[in-house]
Protein chains: 2
Amino acid sequence: MKTLSRKDEIISVAAHLFNEKGYKAVSMRDIATAMDIKAASLYNHISGKQEILSEIILKVAEEFTVGMEKVVSENSSAIKKVEKVIELHIDITVNHSEALAALNNDWMHLEDEDLKAFVKMREDYEENFRSIIKQGIDAGEIKQYHPEVILFSILSTLRTLYLWNQKRGKLDVNILKKDMVSVLIKGIV
Amino acid sequence: MKTLSRKDEIISVAAHLFNEKGYKAVSMRDIATAMDIKAASLYNHISGKQEILSEIILKVAEEFTVGMEKVVSENSSAIKKVEKVIELHIDITVNHSEALAALNNDWMHLEDEDLKAFVKMREDYEENFRSIIKQGIDAGEIKQYHPEVILFSILSTLRTLYLWNQKRGKLDVNILKKDMVSVLIKGIV
DNA sequence: GTCTATACCGCGATAGAC
DNA sequence: GTCTATCGCGGTATAGAC
């Protein structure tokens, strides 16, 4: 456990506030007040509000990218890969719950380069997931529904997991993984 | 097809912009410009920005409330009720896609009375859905997973359906209903 | 019903003292 | 590294002419 640099502290406090009210509704003064300093002092550690947002979003977006690449490169069945993706989301959600709020809701407020980088990562991620599902359907492991319906229903559940995780105080991670994998893959009937 | 009043037009244009950038990132000037008038002119039709937001959100929230009450009062199996809830979400999504963006992302910017009313409606809605699922488990119609996991995975898919509906140009509603019901209830394997 | 003009405020950001 | 003071901008909203 290393201590947070002042910059990391700003990012952490900002992520918490962005999670509650959204990027645009949180002012530099709000962030400073929460740290018991003045807004002007923030600028000794970060270049501006934009930098805070991109640090929060791109850092966790890269975790998804790396995790997905690892899953894709594995030598296992499609269903096993889907399970791994579900577990990847759960692990990241547990560790970066508040950053995921910004990633889901405020990515469109990124600028230029950062926006382009994020959109590309998200598209690649979805494309990788789509391929896994299609392989599963071709191999007869997954039922022949419209692949987009499957992709969407799983992904939207995983993407909003952070909301649910916050609301109902941390359920045990392993129980969550087990039930979530079952519900998403095997259905409820 | 009745003509839109000027007020309805403002609400419609605002919903479109809120959907793209979020409530806080859209100014009264933005809304006015999109209507080819000046910002000051908006105030002859609405009391302020707040009123626009609550008209958008509360109108569609009431549709969910009414629809859910109808489902709950039906005399049918739990699974049949879950199917009806899924269809309710799909119908509302198709008709009010942009309002759902505000409902999902900007509800916290409602004020006082409106905020209270919205939160109550959402809690009641979730509680009704939870009861249906629990009844299904008790009756042996639904597998014995943690009810919250089932509730969450279905609801989060339905709540983000508006995003997907916008991205992949309107798929036929009936095909969507059929596959979505199957995927969510029967799973993918 | 829309306009111009304007009041008033809070925003992000900077300069310079300590 | 934090402060006070301040700049310039853009926000919501109102007043009053047309």
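Quick note on labels: first sequence line is chain A, next is B, and so on, each numbered from 1.
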Residues touching DNA chain D, which here means a heavy atom under 4.0 Å, drawn from residues 16-27 of chain B: Val26(B), Ser27(B)
Test item: side-chain donor near acceptor, Ser182(A) and Asp179(A), under 3.5 Å: no
Starting at atom OH of Tyr43(B), determine the distance to atom P of dA7(C), rounded to an integer number of angstrom. 17 Å
For DNA chain D, which residues of residues 48-57 of chain B approach it to below 4.0 angstrom with any heavy atom? Gly48(B), Lys49(B)
Donor-acceptor pair, distance only, cut-off 3.5 Å: does the side chain of Asn105(B) make one with the backbone of Ala101(B)? yes
Mind telling me whether Phe64(B) and Tyr125(B) have parallel, tilted or perpendicular rings, with 30° and 60° as the class edges? perpendicular
Given 3.5 Å as the limit, does a donor-acceptor pair link the side chain of Asp124(B) with the main chain of Thr65(B), or not? no
Taking CG from Asp30(A) and P from dC9(C), how many angstroms apart are they, rounded to a whole number? 18 Å
For Lys116(A), enumerate each residue passing the salt bridge (charged side-chain N to carboxylate O under 4.0 Å, His left out) test, keeping only those at least two apart in sequence or located in another chain. none
How close or far is atom C1' of dG1(C) from atom CG of Leu4(B), stated in whole angstroms? 17 Å
Checking side-chain polar atoms at under 3.5 Å, does Ser131(A) have a donor or acceptor matched by the opposite partner on Asn128(A)? no
Show me the pairs that pass ring-ring contact (aromatic ring centres under 6.0 Å, His included) and involve residues 36-55 of chain B, at least two apart or across chains. none
Residues that Arg29(B) engages under salt bridge (charged side-chain N to carboxylate O under 4.0 Å, His left out), provided they are two or more places apart: none
Do the side chains of Lys7(B) and Glu55(B) get close enough for a salt bridge, i.e. N-O under 4.0 angstrom? yes
Judged by atom type as modelled, is there a donor-acceptor pair below 3.5 Å linking the side chain of Asp106(B) to the main-chain atoms of Tyr23(B)? yes
Taken to the nearest whole Å, NE2/His45(A) to P/dA13(C) is 15 Å
Atom-to-atom span, CD1 of Ile46(B) to P of dT12(D) - whole angstrom: 10 Å
Would you call Glu127(B) and Arg130(B) a salt bridge, taking side-chain N to carboxylate O under 4.0 Å as the test? yes
Tell me: NZ of Lys7(A) to C1' of dG1(D), nearest whole Å? 16 Å
Give me the distances for all protein-to-nucleotides 3-7 of chain D N/O pairs that come in under 3.5 Å?
from: dC3(D); atom 1: OP2; to: Lys38(A); atom 2: N; distance (Å): 2.5
from: dC3(D); atom 1: OP2; to: Ser41(A); atom 2: OG; distance (Å): 3.0

May I have the distance from Glu111(B) (atom CD) to dT12(D) (atom P), rounded to whole angstrom? 13 Å
Starting from C1' on dC8(C), measure out to CE on Met28(B) and report it in whole angstrom. 17 Å
